[in-house]
Amino acid sequence: MAGKFESPGSEARGRLGGTDFSRGKTLGRRAHEMIPGGAHTYAKGDDQYPEQAPSFIARGLGCHVWDLDGNEFIEYGMGLRSVTLGHAFPRVVEAAQRQMLSGSNFVRPAPIEVECAERFLELVPSAEMVKFGKNGSDALDGAVRLARAYTGREYIAICADHPFFSTADWFIGTTPMPAGVPQWVRSRTLKFHYNDLASMQALFDQQPGQIACVVLEPARLEEPAPGFLEQLKELCHRHGALLVFDEMITGFRWHRSGAQHVFGVTPDLSTFGKAIANGFALSALAGRREVMQLGGYDHDRERVFLLSTTHGAETHAMAAGIATMETYRDEDVVGHLYRQGQRLRKGVQRAADSAGVVGHVECLGRDCALIFAIRGQDGKPSQEFRALFLQELIRRGVLSPSFMVSYSHSDDDIDDTIQAIGESLVVYRQALDQGVERFLVGRPIKPAFRPYR
Ligand SMILES: Cc1ncc(COP(=O)(O)O)c(C=O)c1O
């Protein structure tokens, strides 16, 4: 069986969605008084959604969620792409619950830490060692420190075309929101372009012998040009730098062994998170033994303080990780993601065609990890039209900042979504013709990274 949950089926679509978000708005006001930005993750904030949207999700099951006002939605986005199997996925919840009853944190390691490392290294055989953390940022920060220590260099090069790597200063200092990051730190992070070896060569020429590592997602919306990743690895090694793949999104979604398996290029270090534990807090830094072992003490070099936090090895997160990775091992999760993503992509294309908005609304990326491009009358990305599209989908029972499918999205869920998209795009066409302000309730969405208000 594919998804584990009963879909409500098309006949139930009438009860999906809603326009009354009053209880959520009331709680939202309290949240903003106590929590800067009203949420603990910027990507979940009010400014990322139209005004006519649920402010809080009270619960989720499979790919369905319910807000505080009792409105039900088919959800895409799935915990910022971490919930690959579906909300409250029984195998994962049961494993975490069972483990929790035996205690979650001890004064010495729990045996489950070894089991979790074994499961991970079985799935990602290109890695020789692994160390776990809580967030993807932890893993990336560990990779950067390790690379700097291993090479004795300060500069790092990151891909300018990939939007997010870490919450740490080495990355945040390069964004449009760098407040609080010292100039010295900002100056040590350089940028190159994807599929552009010359741009990386230029950085090596500019800072000879000073770049510790090159960090990129193996692929995002753009696929690697033939030989690009191989040549990038060769270029890095020729200049004494390490190659780091950020597999936060591609890991366990593009392939259960990561995009490094898809492209047959093994990086020196790679980072995983999100899909590794179906929404539980677990991330991983993996890579070559010779580099990774600097974080241990079986060597004569100076030691590196690699990932080490009080909650790093929380046992129920490990149990969730094991259950999730075993599900990838035992069931064709990734095949399901590709199939449902393809069904959705085709449906969006048909709907865009029939509403006359081709070129304005378009799916981008691999079927297993779709996002959508939204363009206004001038053909440029538009936050007003993005808000309108989300608003109309929400009204019809689809909550979708992206079209990220999960193992729990059934055919009926996808078909109901396509129906909602079709109806929403009719409104979109009218807004293109008559002006978006006539249809959008309230303010547009804003970019998450912005320096002011
Ligand atoms: C590609 C990529 N790398 C790293 C991260 C950081 O992960 P986390 O938010 O778990 O710290 C993210 C988060 O969205 C990401 O998308």
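Numbers here simply count residues along the sequence, with the first being 1. Just follow the structure's listing: the first ligand is 1, and inside any ligand the first atom is 1.
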Engineer: What part of Thr271 sits under 4.0 Å from ligand 1 if we count only heavy atoms: the side chain, the backbone, both or neither?
Structural biologist: neither

Engineer: Please could you name the atoms of ligand 1 that Glu217 approaches to less than 4.0 Å, counting only its heavy atoms?
Structural biologist: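 Near Glu217, the atoms of ligand 1 are 1 (C).
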
Engineer: What protein heavy atom is closest to atom 12 (C) of ligand 1, reported as residue, atom name and distance in Å?
Structural biologist: Phe164 CD2, 3.6 Å

Engineer: Yes or no: does Leu80 have any heavy atom under 4.0 Å from an atom of ligand 1?
Structural biologist: no

Engineer: Does the gap between the ring centers of Tyr194 and His162 come in under 6.0 Å?
Structural biologist: yes

Engineer: Establish, yes or no, whether the cationic atom of Arg256 lies under 6.0 Å from the six-membered ring centre of Tyr328 and within 45° of the ring axis.
Structural biologist: no

Engineer: Write down the atom of Phe403, the atom of Val348, and the distance for their closest heavy-atom approach.
Structural biologist: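 Nearest pair, atom of Phe403 first, then Val348: CE1-CG2, 3.8 Å.
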
Engineer: May I ask which of Met248, Arg220, Lys274 has a heavy atom nearer to atom 14 (O) of ligand 1 than the others do?
Structural biologist: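 That would be Lys274.
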
Engineer: Before giving the answer on side-chain contact (heavy atoms from CB on, under 4.5 Å), spell out for Met78 and His409 the whole-Å C-alpha distance, their side-chain angles and the decisive distance to 0.1 Å.
Structural biologist: CA-CA 11 Å; Met78 306 303 292; His409 283 82; 3.8 Å; yes

Engineer: May I ask you to check whether Arg81 has an N/O atom sitting below 3.5 Å from an N/O atom of ligand 1?
Structural biologist: no

Engineer: For Glu362 and Phe372, run side-chain contact (heavy atoms from CB on, under 4.5 Å): C-alpha distance rounded to whole Å, both residues' side-chain angles, the deciding distance at 0.1 Å, then the answer.
Structural biologist: CA-CA 5 Å; Glu362 187 189 3; Phe372 47 78; over 6 Å; no

Engineer: Closest by any non-hydrogen atom to atom 11 (O) of ligand 1: pick that one out of Ser137, Gly133, Ser82.
Structural biologist: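 Among Ser137, Gly133, Ser82, the closest heavy atom to atom 11 (O) of ligand 1 comes from Ser137.
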
Engineer: May I ask you to decide whether Glu230 forms a salt bridge with Lys233, counting only side-chain N to carboxylate O separations under 4.0 Å?
Structural biologist: no

Engineer: My understanding is that we take every heavy atom of each candidate and find the minimum distance to atom 7 (O) of ligand 1. Doing that for Gly136, Ala43, Pro163, which one comes out nearest?
Structural biologist: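 It is Gly136 that holds the nearest heavy atom.
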
Engineer: Quick test: of every protein heavy atom, which one is nearest to atom 3 (N) of ligand 1, and how far off is it to 0.1 Å?
Structural biologist: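 Answer, as residue, atom name and distance: Asp246 OD2, 2.5 Å.
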
Engineer: Have a look at ligand 1 and work out which part of Asn135, if any, has a heavy atom under 4.0 Å from it: side chain, backbone, both or neither.
Structural biologist: both

Engineer: Less than 4.0 Å between a side-chain N and a carboxylate O, is that true for Glu154 and Arg148?
Structural biologist: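 Not counted as a salt bridge, because no side-chain N and carboxylate O are separated by less than 4.0 Å.
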
Engineer: Are Tyr42 and Phe449 close enough that their ring centers fall under 6.0 Å?
Structural biologist: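 That pair fails the under 6.0 Å test.
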
Engineer: Quick one: nearest non-hydrogen protein atom to atom 4 (C) of ligand 1, plus distance?
Structural biologist: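 Ranking protein heavy atoms by distance from atom 4 (C) of ligand 1, first comes Phe165 O, 3.1 Å.
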
